[in-house]
Trainee: 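There's a structure below that I have some questions on.
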2 protein chains.
Amino acid sequence: MDLSDNTIERICKIFGYLHALEKKGVDFVSSKDLAKMVGATEYTIRKDISFLGGPGYTRKGYEVRSFKKELGQRFQLTEKRKACIIGLGRLGTALLDYENFQEDGFEIVAGFDCNVNKIERIRTSIDVFAVSRLAEIVDARNIELGIIAVPAESAQEIADQLAAAGVKGILNFSPVKISVPEGIVHVDMDFTNALRFIAARFVMMKK
Amino acid sequence: MDLSDNTIERICKIFGYLHALEKKGVDFVSSKDLAKMVGATEYTIRKDISFLGGPGYTRKGYEVRSFKKELGQRFQLTEKRKACIIGLGRLGTALLDYENFQEDGFEIVAGFDCNVNKIERIRTSIDVFAVSRLAEIVDARNIELGIIAVPAESAQEIADQLAAAGVKGILNFSPVKISVPEGIVHVDMDFTNALRFIAARFVMMKK
DNA sequence: ATCTTCTAGTGAATTAATTCACAAATAATA
DNA sequence: TATTATTTGTGAATTAATTCACTAGAAGAT
Ligand SMILES: NC(=O)c1ccc[n+]([C@@H]2O[C@H](COP(=O)([O-])OP(=O)(O)OC[C@H]3O[C@@H](n4cnc5c(N)ncnc54)[C@H](O)[C@@H]3O)[C@@H](O)[C@H]2O)c1
Ligand SMILES: NC(=O)c1ccc[n+]([C@@H]2O[C@H](COP(=O)([O-])OP(=O)(O)OC[C@H]3O[C@@H](n4cnc5c(N)ncnc54)[C@H](O)[C@@H]3O)[C@@H](O)[C@H]2O)c1
């Protein structure tokens, strides 16, 4: 059975929400509550969960801890995954020190930039390198994810290097669509496009 | 006729791509090319465009300039929209000075933070204010969009204030789902979730 | 003990989205 | 000029996604 992207996306959100509930000490959660959190209907949520064979309890819902654990195992969301950031400008450095990634199962283990002076000046607890050492470090440190925060014109080039270096996934913050070889998962996060979507959406609403 | 979110999203991407093509001096673009850029099939793209009644030319495709202009008008993507950022920490300050927004039709006209010392120390060409003045400034400057970059625990509170102040759209970078009154469009941009999606996606792929 | 209410699970129905298939148009080519 | 190759536009077909409608089980109320 392979799940649709929509389903995977909802499940990731559910996982995040379960994480929060667990910290709050909540024991059970209903499909209705989950639905509200991820922006879907309770039917859809139950269908999603049914693909996973999740164990729900009548009149109580899903047991937060065990459900989260199961999702974590199923999607390997629990074991820490190593990531690196390429491009240590304003956005890249903000991401470098973002502690939440750590808590959420991602560990930034290296930063890269082409500007060697910049590398020397950056104050952070994370190791930073010249981008020429990308392949070497990705390999040595078993890095699975690459986060692109370089200017648009270099984004594809970096994506190619990451792919060649053997990462399995890429999160791209530059405002161009990158293309990657089959077998590598990537997501383009274009802030401008999100703003456009919002703008277009509310223009549509008026009609 | 109201367009689906998927269609709106693709159209926003198309708009961005047309913008780039225009700068490059390209005159025509085919549905096939557009499809490649937005990650859809040419059929889907043509259907999307057909909802808009777009004028395509046989064997040439769509005329970049006029098509972009039409989309701009239809979705009011051309006239500059005013936005503000709340939370001037690492992410918020990176966004403050991101020049691309300007070029892409969005203008950051104010920043807000609750930390008054911080406000005094920030070096930027954009006006920054104490968050207590949010409603006042949003109103005075006709701000339509709010960008939330405060810690998770304050995000909903700020969303409420933005809604009360009368913004029409909210882009939320904090890792919680915010809820907003009917009639306000919002997008949650959760980086961690994007990473999770990538991770889950490539686990799925292996099976 | 019985009744009511709530919630999961799921096949069927519905709705939505995508893809196909092909006509029409026209640029390029021979 | 005739032919070929492309490319749009769109109704029909297909596929995918969501919602409905119902069963079953268990908690809580009476
Ligand atoms: N700053 C923002 O708020 C923001 C918002 C949305 C999108 N973005 C996008 O994120 C990316 C980074 O933005 P930024 O504002 O941090 O830019 P920036 O100019 O501050 O930083 C870019 C960094 O990348 C480095 N770099 C350039 N080419 C490189 C290469 N080939 N290899 C390695 N490093 C290289 C530069 O030395 C610099 O340190 C851009 O694509 C931008 O469009 C930024
Ligand atoms: N830094 C990142 O790379 C990153 C990545 C993903 C998500 N985020 C999210 O973006 C948000 C901001 O992250 P950050 O790293 O910039 O945090 P930060 O702590 O550096 O900055 C937060 C800012 O918000 C201000 N603030 C707090 N409460 C406020 C309130 N009620 N009203 C106005 N201002 C308030 C603080 O004074 C501070 O300046 C967080 O929700 C974070 O989870 C950040």
Side-chain angles (χ1 to χ4, degrees), chain A residues 1-15 17-18 21 26-71 74 197 200-201 204-205, chain B residues 1-15 17-18 21 26-71 74 197 200-201 204-205:
Chain A
M1 179 74 199
D2 52 272
L3 310 179
S4 72
D5 279 2
N6 281 356
T7 294
I8 296 179
E9 215 172 310
R10 284 190 296 260
I11 286 174
C12 289
K13 286 187 193 166
I14 288 175
F15 184 84
Y17 185 43
L18 290 173
L21 289 175
V26 176
D27 288 331
F28 287 90
V29 64
S30 69
S31 55
K32 225 179 194 164
D33 289 342
L34 290 173
K36 201 135 32 108
M37 288 313 294
V38 311
T41 67
E42 52 178 314
Y43 318 116
T44 302
I45 296 298
R46 288 207 295 274
K47 257 297 190 271
D48 286 344
I49 294 176
S50 80
F51 297 139
L52 273 46
Y57 300 96
T58 297
R59 236 195 109 117
K60 291 174 100 182
Y62 305 90
E63 214 249 309
V64 173
R65 292 168 64 83
S66 65
F67 187 28
K68 188 197 153 194
K69 196 170 150 198
E70 203 213 305
L71 287 184
R74 182 68 133 71
F197 177 83
R201 196 73 174 54
M204 287 305 297
M205 250 164 38
Chain B
M1 179 75 200
D2 53 272
L3 309 178
S4 72
D5 278 2
N6 282 355
T7 294
I8 296 179
E9 214 172 311
R10 284 190 295 261
I11 285 175
C12 289
K13 286 186 191 168
I14 288 174
F15 185 84
Y17 185 44
L18 290 174
L21 289 176
V26 176
D27 288 331
F28 287 90
V29 63
S30 69
S31 55
K32 225 178 193 164
D33 290 341
L34 290 173
K36 202 136 29 107
M37 289 313 295
V38 310
T41 66
E42 53 177 313
Y43 318 115
T44 302
I45 297 298
R46 286 209 295 274
K47 259 290 192 279
D48 286 345
I49 294 176
S50 80
F51 297 138
L52 273 48
Y57 300 97
T58 296
R59 238 196 108 120
K60 290 173 100 180
Y62 305 89
E63 215 249 308
V64 173
R65 293 169 63 84
S66 66
F67 187 28
K68 187 197 153 195
K69 196 171 152 198
E70 203 213 304
L71 287 184
R74 181 69 133 69
F197 177 83
R201 197 71 176 56
M204 288 306 297
M205 251 165 35

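All values derive from a computational prediction rather than experimental measurement.
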Trainee: What distance do B:Glu9 atom CD and B:Asn6 atom CG have between them, rounded to the nearest 0.5 Å?
Mentor: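 So the gap between those two atoms works out to 6.5 Å.
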Trainee: Scan residues 55-65 of chain A against DNA chain C and write down, sorted by residue number, each residue with any heavy atom closer than 4.0 Å; if none is found, say none.
Mentor: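 Here the set is A:Pro55, A:Gly56, A:Tyr57, A:Thr58, A:Arg59, A:Lys60, A:Gly61, A:Tyr62.
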Trainee: Enumerate the residues from residues 32-46 of chain B whose closest heavy atom to DNA chain D is under 4.0 Å, giving them by residue number; use none for an empty result.
Mentor: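 Only B:Arg46 qualify.
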Trainee: Return the CG to CZ distance between B:Leu21 and B:Phe28, rounded to the nearest 0.5 Å.
Mentor: 12.5 Å
Trainee: Take B:Asp5 and A:Arg201 through the test side-chain contact (heavy atoms from CB on, under 4.5 Å) and record every step on the way to the result.
Mentor: CA-CA 8 Å; B:Asp5 278 2; A:Arg201 196 73 174 54; 2.6 Å; yes
Trainee: Look up atom CE in B:Met204 and atom CD1 in A:Ile11, then write down how far apart they are to the nearest 0.5 Å.
Mentor: 8.0 Å
Trainee: Considering only heavy atoms of chain A and a distance under 4.0 Å, specify the first and last nucleotide of DNA chain C in 5' to 3' order that meet this criterion.
Mentor: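 The protein-touched segment is C:dT5 to C:dA12.
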Trainee: Between CD of B:Glu70 and CG of B:Leu52, what distance do you get to the nearest 0.5 Å?
Mentor: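 Between B:Glu70 CD and B:Leu52 CG, I get 6.0 Å after rounding to 0.5 Å.
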Trainee: Under the side-chain hydrogen bond (donor to acceptor under 3.5 Å, both in side chains) rule, what pairs show up with a residue in residues 48-57 of chain B, not counting sequence neighbours?
Mentor: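 Non-adjacent pairs meeting side-chain hydrogen bond (donor to acceptor under 3.5 Å, both in side chains): B:Thr7-B:Asp48, B:Arg10-B:Asp48.
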Trainee: To the nearest 0.5 angstrom, please state how far the CD1 atom of B:Ile49 sits from the OH atom of B:Tyr62.
Mentor: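 Here the rounded value is 4.0 Å.
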Trainee: For A:Arg65, enumerate each residue passing the salt bridge (charged side-chain N to carboxylate O under 4.0 Å, His left out) test, keeping only those at least two apart in sequence or located in another chain.
Mentor: A:Glu22
Trainee: Would you give the length of the straight line joining atom CG of B:Leu18 to atom NZ of B:Lys13, rounded to the nearest 0.5 angstrom?
Mentor: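 Those atoms lie 14.0 Å apart.
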Trainee: Side chains of residues 33-42 of chain A: which donor-acceptor pairs under 3.5 Å do they make with residues two or more places apart or in other chains?
Mentor:
unit_1  : atom_1 : unit_2  : atom_2 : d
A:Thr41 : OG1    : A:Tyr43 : N      : 3.4
A:Thr41 : OG1    : A:Thr44 : N      : 3.2
A:Thr41 : OG1    : A:Thr44 : OG1    : 3.0
A:Glu42 : OE1    : A:Arg46 : NH1    : 3.1

Trainee: Which part of the nucleic acid, if any, lies within reach of A:Thr7 when heavy atoms closer than 4.0 Å are counted: base, sugar-phosphate only, or nothing?
Mentor: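 Nothing, no nucleic acid heavy atom in range.
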